[in-house]
Engineer: 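Let me give you the structure first, and then I'll get to my questions.
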Amino acid sequence: QVQLVESGGGLVQAGDSLRLSCVASGRTFSSYAMGWFRQAPGKEREFVAAIRSSGGTTYYADSMKGRFTISRDNAKNTVFLQMNSLKPEDTAVYYCAARRGVTWNARVDYWGQGTQVTVSS
């Protein structure tokens, strides 16, 4: 069992930056590919970014490329999402996700509780 706890959300203005963090419990963090999703009000949850268990390869939704960067620190059981040039349409609850294995695919094994990001215009 893996527990994921996100932090770093908040209220910012358009153009600002935020860095989200997700700390995972357990001693097998480096065995999990990690990802970030988001869900805006009235919309379905959507993929944002993911990173392989070793951190060598990253994946992004097209609309996030160039503005968002995912990274991880396996020594600290933490995955990050650096978000730059934020837009009001980035307003959503952001969820951390873990998938057992080296690479990322659509199956998620564990979810965090989410952290709210609100971007004002």
Side-chain angles (χ1 to χ4, degrees):
Q1 188 75 8
V2 174
Q3 291 186 322
L4 305 173
V5 179
E6 303 97 331
S7 62
L11 172 63
V12 297
Q13 293 188 333
D16 285 352
S17 297
L18 271 179
R19 188 173 84 153
L20 306 183
S21 300
C22 170
V23 179
S25 64
R27 293 177 287 181
T28 59
F29 180 71
S30 60
S31 300
Y32 288 81
M34 299 296 296
W36 288 95
F37 288 74
R38 71 184 185 184
Q39 187 166 19
K43 295 187 177 181
E44 293 186 354
R45 190 172 297 189
E46 64 173 344
F47 171 77
V48 173
I51 187 167
R52 287 168 62 112
S53 59
S54 64
T57 301
T58 56
Y59 313 85
Y60 295 94
D62 288 343
S63 60
M64 278 57 132
K65 284 181 183 177
R67 295 193 301 125
F68 291 7
T69 303
I70 188 171
S71 61
R72 65 190 294 161
D73 184 342
N74 284 352
K76 297 183 179 180
N77 282 17
T78 304
V79 61
F80 304 98
L81 183 68
Q82 177 68 42
M83 304 185 294
N84 298 328
S85 302
L86 284 163
K87 306 173 182 180
E89 50 265 42
D90 293 318
T91 295
V93 177
Y94 284 72
Y95 296 91
C96 180
R99 177 190 176 281
R100 222 178 274 110
V102 174
T103 59
W104 184 261
N105 67 28
R107 188 197 82 227
V108 173
D109 294 309
Y110 301 102
W111 292 98
Q113 84 289 350
T115 185
Q116 176 70 47
V117 172
T118 303
V119 184
S120 64
S121 57

Engineer: When you measure from the side chain of Thr115 to the backbone N and O of Tyr94, does any donor-acceptor pair fall under 3.5 Å?
Structural biologist: no
Engineer: Taking the side chain as C-beta and beyond, is there a heavy-atom pair between Leu86 and Gln13 under 4.5 Å?
Structural biologist: no
Engineer: Taking side chain as C-beta onward, heavy atoms only, is Leu4 less than 4.5 Å from Met34?
Structural biologist: yes
Engineer: With the 4.5 Å side-chain cut-off for hydrophobic clustering, are Tyr95 and Met83 part of the same group?
Structural biologist: no
Engineer: What is the distance from atom CD of Gln116 to atom OG1 of Thr91, rounded to the nearest 0.5 Å?
Structural biologist: 7.0 Å
Engineer: Please set out all donor-acceptor pairs under 3.5 angstrom arising from side-chain atoms of residues 96-113, sequence neighbours excluded.
Structural biologist:
unit_1 : atom_1 : unit_2 : atom_2 : d
Arg99  : NE     : Asn105 : OD1    : 2.7
Arg99  : NH1    : Thr103 : O      : 2.8
Arg100 : NH2    : Tyr110 : OH     : 3.1
Asn105 : OD1    : Arg107 : N      : 2.8
Arg107 : NE     : Asp109 : OD1    : 3.0
Arg107 : NH2    : Arg100 : O      : 3.4
Arg107 : NH2    : Asp109 : OD2    : 3.0
Asp109 : OD2    : Arg100 : N      : 2.7
Gln113 : NE2    : Glu6   : OE1    : 3.3

Engineer: Phe37 and Phe68: same hydrophobic cluster, using ILVMFWY side-chain contacts below 4.5 Å?
Structural biologist: no
Engineer: Could you see if Val12 belongs to whatever hydrophobic cluster contains Val48? Use Ile, Leu, Val, Met, Phe, Trp, Tyr and a side-chain cutoff under 4.5 Å.
Structural biologist: yes
Engineer: Output yes when a side-chain donor or acceptor of Thr58 lies under 3.5 Å from a complementary backbone atom of Ile70, and no otherwise.
Structural biologist: no
Engineer: Using residues 71-81 as the side-chain source, report each donor-acceptor pair under 3.5 Å to any protein atom, sequence neighbours left out, with the distance given to one decimal.
Structural biologist:
unit_1 : atom_1 : unit_2 : atom_2 : d
Arg72  : NE     : Ser53  : O      : 3.4
Arg72  : NE     : Asn74  : OD1    : 2.6
Arg72  : NH1    : Tyr32  : O      : 2.8
Arg72  : NH1    : Arg52  : O      : 2.9
Arg72  : NH2    : Phe29  : O      : 3.0
Arg72  : NH2    : Tyr32  : O      : 3.0
Arg72  : NH2    : Asn74  : OD1    : 3.2
Asp73  : OD1    : Ala75  : N      : 3.1
Asp73  : OD1    : Lys76  : N      : 3.4
Asn74  : ND2    : Ser53  : O      : 3.1
Asn77  : ND2    : Ala24  : O      : 3.2
Asn77  : ND2    : Gly26  : O      : 2.7
Thr78  : OG1    : Lys76  : O      : 2.7

Engineer: With rounding to the nearest 0.5 Å, note down the distance linking NZ in Lys43 to CD in Glu89.
Structural biologist: 8.5 Å
Engineer: Can you tell me how far CG of Asp90 sits from OG of Ser85, rounded to the nearest 0.5 angstrom?
Structural biologist: 9.5 Å
Engineer: Look up atom CZ in Arg45 and atom CZ in Arg38, then write down how far apart they are to the nearest 0.5 Å.
Structural biologist: 13.0 Å
Engineer: Verify the cluster assignment for Tyr60 and Trp36: are they in a single hydrophobic cluster under the rule of side-chain heavy atoms below 4.5 Å apart?
Structural biologist: yes
